[in-house]
Every structure is written in structure tokens, then in C-alpha cells.
Amino acid sequence: MSGNHVDLRSDTVTRPTAAMRQAMAEAEVGDEQRGEDPTVNALQARVAAMLGKEAGVFLPSGSMCNEIALLVHCRPGEEVICDRTAHIITSEGGGPAALAGAMVRPLDGEAGVYSPEQLADAVRAVSRYAPRSRLAVVEQTSNQGGGTIWPLETIEAVGETAKAHGLLLHMDGARLLNAVVESGVDAARYAAPFDSVWVDFSKGLGCPVGAVLAGSAEFIEAAWQWKQRLGGSMRQSGILAAAGLHALDHHVARLAEDHANARSLADKVRALPKLTLDQLRVDSNLVFFDCAETGLSASDLSDALRAKGVLIGAMGRHRLRAVTHLDVDAAAVDTAGEALEAVVGG
Ligand SMILES: *Cc1c(COP(=O)(O)O)cnc(C)c1O
């Protein structure tokens with residue numbers, strides 16, 4: 001909820017719970033930049049272990065994790081291969097071009113998931129003309145793809161293809177733990193083929209700030225230098241890391257509730273003849289739907305819902321996205337369903 005609204009715009013709108021605030025208030029802290037914040041050090045070590053990597057670095061945001069990974073892996077003019085819907089293309093201010101100077105090669109995957117064959121076909125032969133194919137990126141779950149979970153077999157096959165072609169591999173794991181909870185596949189198994197991988201704490205895990213990027217000790221050393229250069233080094237950020245540790249203890253298993261609520265919301269959308277669910281299936285906490293049949297634009301529908309106390313974001317001319325999270329319970333989903341029916345008709 002945000003005020004009196006049911007806020008389904010994103011899983012970033014959650015506010016820290018009382019217990020999380022308590023953990024933050026009690027955090028032991030030090031100067032993070034000097035490696036002296038015990039809570040940050042504990043979070044980095046815990047995430048690295050969870051992902052099966054040697055080391056991790058705490059960063060202010062997931063976007064900074066992606067951009068630093070690209071900066072470490074790629075030289076200017078090299079090519080990054082990813083799905084056309086990837087966050088690094090749509091939502092990071094052109095960061096790959098502006099920061100790493102990388103070319104981006106978008107693949108036309110299905111629901112945000114590309115195949116090993118598509119990846120292999122996109123790798124360019126080494127020549128003086130072509131950009132050097134350097135890195136492949138997987139987004140687990142795929143956000144714009146509809147919260148799609150990349151199947152483990154696809155990830156492993158993509159990993160083998162990347163290796164066979166000498167590509168490095170990076171996972172944007174903003175919602176990796178949603179995939180873990182839903183599929184029962186261990187985070188380290190999903191992460192195994194990747195040279196770098198990160199998880200976000202400010203999405204479904206309900207923290208105010210933060211993400212941890214993990215990889216080899218050498219990769220993290222290089223990432224640290226970029227963190228310093230970009231001004232991402234912090235001081236007593238154990239206050240923030242404490243929220244992350246609290247979330248790992250208390251907010252992971254409950255992601256299953258968000259997925260159940262998303263499925264229930266998707267059922268309500270399916271039941272309304274003028275709305276069309278805009279994804280193959282509901283794997284996690286994201287529900288995209290199309291409103292073209294209502295005669296309303298997505299932003300008009302969004303405004304009409306807001307007047308009924310429900311916030312759902314417009315993502316295109318007729319496309320909207322509803323996201324379930326910690327601050328949305330089953331009753332709130334019912335409220336959203338009723339508002340949708342009242343606006344578009346049953
Ligand atoms: C939110 C998101 C990011 C960026 O994370 P921030 O913490 O908001 O910077 C990156 N990738 C995906 C798939 C996301 O959904």
C-alpha cells in the first residue's frame with residue numbers, strides 16, 4: 001500500500017518493515033570503503049556463498065552492478081549480446097554506450113529468453129571489420145519478458161555456447177531469488193555458468209537500497225575500482241547491508257506469496273473480456289496485460305484505476321504492468337481486481 005492506494009507499480013515501492021528498521025538501527029558499522037564495515041562484509045560474503053562465487057561487492061543499485069560488470073568485462077567497441085527487452089537496453093540511461101562504450105546486440109527471444117542457437121548465430125567472426133563479441137547477458141527473471149524464469153537447462157546450454165565461443169557471461173539477477181523460490185533450483189546452480197552475477201535487495205526483498213555483485217576475487221577487485229571511480233563507495237553502509245541480511249533471513253521464502261498473488265491477479269485479468277494477459281504464463285510476480293479492446297490508452301486506464309485507489313503503471317500505448325510484493329496481500333489483489341472490473345467492465 002502507498003497511502004490508501006494498492007500500489008502495484010513495482011516491487012520497488014515496498015517500505016522497510018518495523019523488524020527490518022530495527023535490524024538496521026542495531027547494525028554494527030565501520031568505514032565500508034576501508035573494508036571495515038562488518039555488516040557489509042558479512043552481506044558480501046553471504047551473497048557470494050549463496051551464488052557460489054569467490055567474492056562480492058555491495059553497491060547502491062542493481063543498475064550499478066550491471067554497468068560495472070560491463071565496464072570490467074568489455075573494452076569500448078566490443079559487443080554485448082542480450083535479449084531485446086533487457087534492462088541494460090531499456091532502463092539504464094544508455095549506460096552500456098555512455099560508460100563501457102559497448103555495442104549492444106539485441107536478440108529476439110521469447111518472453112525475454114533467447115536460445116543457445118540464437119546466441120551462437122549472433123556471435124561475430126573475428127575480423128578487422130566486426131565488433132568483437134565479448135559478453136552475453138541473461139536476465140533472471142526477465143522483467144519485460146513478463147517475469148519469465150529462465151529454465152536451468154536453457155541457462156546451462158547458453159553457458160556452454162558462450163564458453164564454446166569465448167564469450168564471458170553475466171547474469172542480471174535483479175529477481176534471481178524469485179526464480180529460486182518458484183523453481184526450487186538453488187541460486188548457485190543458476191549462477192554457476194556466469195562470470196558475474198548480482199541480486200537486488202530493493203525489489204521483492206523489500207530493502208530500501210542495495211545490491212551485491214559477485215564473481216571471482218579478481219573480477220571483484222576490478223569492480224571495486226569502478227565502484228570507487230563512479231562514486232559508489234560508501235561509509236557506514238552497514239545500516240543498509242543489515243536490511244539485506246534481514247531480508248535474506250525473512251523475505252525470501254515469502255516471495256512465493258507474491259507469485260500466488262500474481263497468478264490470482266492474472267486470473268482476474270483473464271476473466272475480463274476487454275483485457276488480454278500479455279504473457280505466456282505467470283512465472284513470478286509480474287503481470288503484463290493489454291487494454292487495446294477497452295478503447296482506453298494504457299495511461300488513461302492507469303489514471304482511471306488511480307481514481308479507484310489502485311496504482312498500475314502504463315508500459316506502452318496499450319500495455320500495463322502490475323507487480324505483486326511484500327506490501328500487497330490477497331485482499332489488496334481483490335481490490336485491484338474489483339477496480340479493473342469497475343473501469344473496463346466485466
Ligand atoms: C530493477 C532492475 C534493475 C536495476 O536495479 P536497480 O536496483 O533499480 O538499479 C536491473 N535489471 C532488472 C531486470 C531490473 O528489474
Side-chain angles (χ1 to χ4, degrees), residues 8-16 43 47 56-71 80 82-96 98-100 104 106-107 109 111-114 135-150 155 169-180 182 187 190-191 194 196-214 223 226-227 230-232 234 237 240-241 243-244 247 251 255 258-259 262 279 283-288 313 315 321-326:
L8 297 167
R9 289 171 301 169
S10 175
D11 45 10
T12 57
V13 300
T14 55
R15 266 82 54 91
L43 181 67
V47 173
V57 57
F58 187 52
L59 291 168
S61 72
S63 300
M64 198 183 279
C65 292
N66 275 339
E67 296 303 328
I68 286 183
L70 264 55
L71 282 159
V80 176
C82 59
D83 188 79
R84 69 186 156 79
T85 63
H87 196 276
I88 57 167
I89 295 181
T90 64
S91 308
E92 295 180 17
L99 301 171
V104 176
L107 301 182
V113 177
Y114 57 79
L135 177 72
V137 176
V138 164
E139 198 174 287
Q140 178 72 307
T141 66
S142 162
N143 180 342
Q144 296 280 329
T148 326
I149 296 175
W150 281 69
I155 282 190
L169 204 55
H170 170 71
M171 180 189 282
D172 171 341
R175 297 186 180 81
L176 170 61
L177 293 179
N178 291 80
V180 167
E182 188 62 29
Y190 276 135
F194 293 86
S196 51
V197 47
W198 60 273
V199 290
D200 213 335
F201 286 96
S202 69
K203 299 273 166 82
L205 294 181
C207 298
V209 179
V212 172
L213 174 64
W226 278 111
K227 167 170 158 136
L230 296 173
M234 297 176 278
S237 52
L240 304 171
H251 292 174
L255 292 170
D258 298 343
H259 303 168
Q279 59 199 61
D283 279 357
S284 58
N285 67 327
L286 308 182
V287 179
F288 286 83
M315 303 294 283
R321 186 188 70 170
V323 185
T324 55
H325 53 75
L326 191 54

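If you're wondering where the values come from, they're calculated on a predicted model, not measured in any experiment. In listed order, ligands and their atoms are each counted from 1.
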J.: Got a donor-acceptor contact below 3.5 angstrom from the Glu139 side chain to the His87 backbone?
T.: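 Yes; judged by distance alone, with no hydrogens or angles, the pair exists.
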J.: Hey, does Val80 have a side-chain heavy atom less than 4.5 Å from the side chain of Ile88?
T.: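 The answer is yes; the side chains approach within 4.5 Å.
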J.: Strictly under 4.0 angstrom, heavy-atom based: which residues surround ligand 1?
T.: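 Its neighbours under 4.0 Å (heavy atoms only) are Ser61, Gly62, Ser63, Asn66, His87, Glu92, Glu139, Asn143, Asp172, Ala174, Arg175, Trp198, Asp200, Ser202, Lys203, given by chain and number.
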J.: Considering only heavy atoms from C-beta outward, does the side chain of Thr141 approach that of Glu182 to under 4.5 Å?
T.: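 No, too far: nothing below the 4.5 Å cut-off.
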J.: Of the non-hydrogen atoms in Gly112 and Thr85, which two are nearest, and what is the gap between them?
T.: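 It is CA-OG1, 3.9 Å.
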J.: So, do Leu286 and Arg175 sit near enough that their side-chain heavy atoms are less than 4.5 Å apart?
T.: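 Yes. Closest side-chain heavy atoms under 4.5 Å.
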J.: Can you tell me how far CG of Asn143 sits from CG of Asp11, rounded to the nearest 0.5 angstrom?
T.: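 Asp11 atom CG to Asn143 atom CG measures 8.0 Å (nearest 0.5 Å).
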